[in-house]
Amino acid sequence: MTQVLFYLILGVCLWALGLYGLLRLKESIRRIISVNIMGSGVFMVMVALAARSEDPDPVMHALVVTGLVVAISATAFALRLSVADVQEDDQ
Amino acid sequence: MTAALIALLLPLFTALCLLLLRSRSGVLVIVTSLLTLLAAAWSLYDVTVNGPQWLELGDWPPPLAIRFQLQPITALLLVFSAMIHLLVAVYAAGSQHSKTRYTDFWPLSCLLQGSLNALWLSGDLFNWYVTLELLGLAAVALVALSGRKAYGPALNYLLLSLGASLVYLLGVALAYGRYGVLDISLLGAMTEADTTTRIAWWLMTLGLMLKAALWPFHLWLPRAHASAPTAVSALLSALVVKGPLFILWRLWSEGAPTELAVEAGPVLAVAGIAALILGGWSALRTPWLKSLVAYSTVAQLGYALMALGLLMYWQLPALDAALWLFVLAHGLAKASMFLAAGELQASLGSKRVSALRGTTETMPVAMFAFAVAGGSLIGLPPSGGFLAKWLLLEPMFETVNHWPWVVGILLGTLISAGYVFRVVALAFDRADPVPPDFSPDRFAHWLALLPALVVWGLALISEPLIHWLTGVPL
Amino acid sequence: MSLHEWMLDGTLGLLVLILAVAVLHVRSLYISIVLFIAFGLLLALIWARLGAPDLALAEAAIGAGLTGTLLLAAYGRVSERRRKAEEPLDWHAGPALLLSLIIAVILMRAVWPLPDLDSALVPAVADQMAQSGVGHPVTAVLLSFRAWDTLLELLVLLLAFMAVRQLLPSLPRQPEAWPLLQAWSRLLAPLSVLIGGYLLWRGSADPGGAFQAGALLAAGAILLRLTGLLPALGWHHFWIRALILGGCMVFLAIGVAGYWLGTGFLGYADGWAGPLILLIEVFATLSIATTLTLLVIGETREVRE
Amino acid sequence: MIILATVLLLTVLFGLWRVLRGPTAADRLLAIQLFGTTGAAFLLVLAMLVDIRALRDAALVIALLAAVLSAALVQYLRRQEKSN
């Protein structure tokens, strides 16, 4: 087993763990955290794939940077929405 | 290609200008939508005359660059989305019941159109991921325009959409890991039917099915579409769910190896039939008017999914035409239905189906629009819906042992007839009509009728349209 | 690979898994958030270990830092009742776990052959590096080869901000100034501007770039806003709107100009690539910094006006 | 040097214990600070080990953002006390 394979498997496990959280948890902030864990799993697969060649693959690194920005944008909106939604419940 | 690029960038520029100037001018959006429509029509003409075209962004050589591809169906979809967007913009600016006139609806809908056009033109797996996220965020933001009561469904929609994107993205990562390119046409030449490819394609498919609300992943759709403002519901049902469907189609018809497509086809087709029957059943049962229309979207997407599945299973390119005719016919009919339903429920002051009693007397035009659009959904000849269904049925009549699919379509047709007639029958019950709360908006009713008439008008140009879609020169 | 290297990778992997499991299973929401911040930090270490300094920077700034602040801000707005609500282990916990396990095993099967394959894009990037106008491959991919992705990603950020604008006001909470914290942030904010500027400047030749720099600037601005040292950055100010939209507008304008001048949509004319990319990066950094600041800290009133 | 990096990682485990046990929010805050310091130190060691100089920048960013985060945390915790 090589280092790349180790991190590929780790990424896959994180992804599945995030999926488990998304399926099982009810509280919205926790579900948002689960989605982020799932995202980290995919990013880990991508970064591990980038580490296959002697010089790491710049395309995958760039795609993960893009993915990170997309993830934080969506997370920010989801958190605001969940807070607004929760306040509706309280009234 | 220049025309297609204009159709892509014009909505984006409009959105940015509206935001910079803090303007909520519907007129500006209508004018630019019209220009976008013209540009899209020009690109359609261009592609018919000069054939499919490519544009390498930044002029980089192919495996590196993201490529735009303009093929006949892309151009047709550009025209289709510009048309629906223009119609909805006119409605949102003109109707007295439109709740979106003084909101950020304008820049958001322009961004929605821009991201959709980006999706149609692209052919790059990762770029599609970004456009899907754009589309999802714009859609959720538009749903949230309806205020606090929509936040729950909006959040649910957003979380599912984010999860689905990550399922899709993992599939993209695996495909890249296996083949080392992201362009769908290049992938098509390389793919082999091995385990990694199979799993990658299924991951992408599952993510996209969730995004397109294809059965059994449709549960988020009715709540989200029903709680959105009327103009937004029309956009979501007519356009947004078609984006992932387009990617799904290109993924399987262009990118996948034949063995895999043949293997996966029946599964998708059966899911399509299940969507037809179960979605239709829910539409028959629901007491809410907008939920009925939303569930009918779930059911109608079943036809498209079935066409896609059978297209893969039998490797019949002729079914491409059936698939895209369904998409066009459904988009037009659904825009009409949602606008009519929104107007009806706003004038009646009730969201229940039962409030429609006697509306043929009080609001005949809106009800007529609903019924005409419903006719196309059922597939009454000579509507666009009928045309699509006919194309789908044609290969089935050729071989005897294809009868189970025919039975599925028949059942779906019966159920859709059931929920359309449920509404129409109530509307003709003039004994004790529910009076509208205030004077109905005639202009909006006629506007709702327009796309329904266009669907039926499709039948007039059926022959050249089918020839053109199937790529057979006249 | 040596035993020592295995020890390092094994520890990293084990820690990250433990953290992920703990984040999902801990009962208190607050502890879950704190653990998630630690999780983000550990990911940055893993990216560094896998030879991705750009990502280590981005994850440290965006993944751990800003996501953490966002979560804490959300936690600060959630009601006491919601915070205390415990997560019952309901009936579908079993099936969900089983399903995830099966999926994980299937996916392991899928990734098994991947380490031995390679990518066609790695040599392609190396071939075209000389024409890209920048010296760092990741920056070249982001701003030359796949500039369209990057432009759309700026639009995603803008859309998230516009989406937040739609939400109705949440409970008003005025930040209170606290002398010690104010003194602290007077020290930290200039530092973040300095390091942000440094990362932006480095981006063309070395790891770093608009996103990392923007995130750092945002961190500084957030700190100042939190302690009441910075006035409200309202949407009604023209310059705020210009800052937020500037990144997309400049990027789009340069892209269209390229098409007009015959170098292709989003292409740069010979010899102009370097300066144009720097121009785009400067505007993108400012735009990212402003948008992220308002996304994290902007009160709804301030965002909507 | 690898062993040094591994030992640094192991200190995270102790911090983890503090996060889980608490007992107060301040203990958890300090644990985040510890993580930040450890992370920065780890990156510095790794920068020497694999000879990527840019990792030192990442260490700088982590050190800075750990400080920003704890400042944000303090502010939110204070608000919470006020609102109680």
Side-chain angles (χ1 to χ4, degrees), chain A residues 2-10 12-21 23-27 29-30 33-34 36-37 40 43-45 47-53 55-59 61-66 68-70 72-77 79-84 86-87 90, chain C residues 1 9 13 17 20-21 23-24 29 32 36 43 47 50-52 54-55 58-59 62-63 66-67 70-71 74 77-79 82 85 87 92-93 96-97 100 103-104 107-108 111 114-115 118-119 121-122 125 137-138 141-142 146 149-150 153 156-157 160 163-164 167-168 170-171 211 295-296:
Chain A
T2 60
Q3 190 196 20
V4 171
L5 188 58
F6 175 75
Y7 282 106
L8 280 176
I9 289 179
L10 194 62
V12 163
C13 289
L14 280 180
W15 186 87
L17 209 60
L19 184 69
Y20 163 66
L23 290 175
R24 179 174 117 37
L25 294 171
K26 294 242 162 56
E27 216 285 310
I29 295 186
R30 283 168 169 258
I33 292 180
S34 305
N36 271 298
I37 290 181
S40 309
F43 297 151
M44 192 174 289
V45 169
V47 180
L49 287 175
R52 287 183 301 185
S53 42
D55 293 320
D57 180 355
V59 177
H61 287 181
L63 298 192
V64 177
V65 170
T66 307
L68 277 174
V69 178
V70 170
I72 196 181
S73 313
T75 306
F77 176 42
L79 282 172
R80 280 303 189 90
L81 196 57
S82 87
V83 170
V86 164
Q87 282 182 348
D90 289 346
Chain C
M1 234 164 84
D9 286 324
L17 269 185
V21 171
V23 165
L24 295 178
L29 181 57
S32 176
F36 184 70
L43 280 181
W47 302 156
L50 283 169
D54 292 272
L55 292 175
E59 183 79 46
I62 299 175
L66 286 182
T67 311
L70 267 172
L71 283 167
R77 292 174 201 205
V78 172
S79 71
R82 260 297 163 96
E87 285 273 329
H92 57 274
L97 188 63
S100 310
I103 291 176
L107 291 176
M108 280 177 206
V111 296
L114 297 186
D118 55 1
S119 161
L121 296 191
V122 180
V125 170
V138 178
V141 174
L142 276 173
R146 295 182 70 91
D149 269 351
T150 311
E153 161 199 356
V156 170
L157 194 62
V164 168
L167 305 177
L168 297 170
S170 50
L171 295 177
F211 300 103
L295 266 181
V296 176

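Labels below follow one simple rule: chain letters A, B, ... track the order of the sequence lines, proteins then strands, and each chain is numbered from 1.
The shortest side-chain heavy-atom distance between C:Asp149 and A:Leu63 falls under the 4.5 Å cut-off. Inter-residue side-chain proximity for A:Arg80 and C:Leu70 is flagged as unmet; no heavy-atom pair is nearer than 4.5 Å. At least one side-chain heavy atom of A:Leu8 sits under 4.5 Å from a side-chain heavy atom of C:Pro115.
Across all their heavy atoms, A:Cys13 and C:Met108 have their closest contact at SG-CE, 3.5 Å. The two atoms that bring C:Glu153 and A:Val65 nearest to each other are OE2-O, 4.1 Å, heavy atoms only. In terms of heavy-atom proximity, A:Ile33 sits nearest to C:Ser32 at CD1-OG, 4.0 Å. Between A:Val59 and C:Arg146, the shortest heavy-atom distance links the atoms CG1-CD, 4.4 Å. Across every non-hydrogen atom of C:Ser100 and A:Tyr20, the tightest pair is OG-CB, 3.2 Å. Taking all atoms of both residues into account, the shortest heavy-atom contact from C:Trp47 to A:Phe43 is CH2-C, 3.8 Å.
Taking chain A as the reference chain and counting heavy-atom pairs below 4.5 Å, the highest number among C:Thr67, C:Leu295, C:Val138 is found for C:Val138. The greatest number of non-hydrogen atom pairs below 4.5 Å with chain A, out of C:Leu55, C:Leu17, C:Val156, C:Val122, is found for C:Leu55. Each of C:Val23, C:Leu114, C:Ile103, C:Thr150 has some count of heavy-atom pairs under 4.5 Å with chain A, and the biggest count is that of C:Leu114. Of the listed residues A:Val4, A:Val70, A:Val64, A:Thr75, the one with more heavy-atom pairs under 4.5 angstrom with chain C than any other is A:Val64.
Residue A:Leu10 touches chain C through its side chain alone, counting heavy-atom pairs closer than 4.5 Å. Proximity to chain C (any heavy atom under 4.5 Å) is restricted, for A:Tyr7, to the side chain, taken from C-beta onward. Heavy-atom distances place both the backbone and the side chain of C:Leu157 under 4.5 Å from chain A. Heavy-atom distances place both the backbone and the side chain of C:Val111 under 4.5 Å from chain A. Of the two parts of A:Ser53, only the side chain, counted from C-beta on, holds a non-hydrogen atom closer than 4.5 Å to a non-hydrogen atom of chain C.
Here A:Leu17 pairs with C:Ala20, C:Val21, C:Leu24 under the side chain to side chain contact (heavy atoms under 4.5 Å, CB included) rule; sequence neighbours left out.
Residue A:Leu14 holds its CG atom at 7.0 Å from CG of C:Leu43, rounded to the nearest 0.5 Å. The distance from the CG atom of C:Leu50 to the CE atom of A:Met44 is 7.5 Å, given to the nearest 0.5 Å. In this structure, CG in C:Leu167 is found 5.5 Å from CZ in A:Phe77, a value given to the nearest 0.5 Å. One distance of note links CG of A:Leu68 with CG of C:Leu66; it measures 11.0 Å at 0.5 Å rounding. Here CZ of C:Phe211 is found 12.0 Å from CD1 of A:Ile72. Values are rounded to the nearest 0.5 Å. In this structure, CG in A:Leu49 is found 11.5 Å from CG in C:Asp118, a value given to the nearest 0.5 Å.
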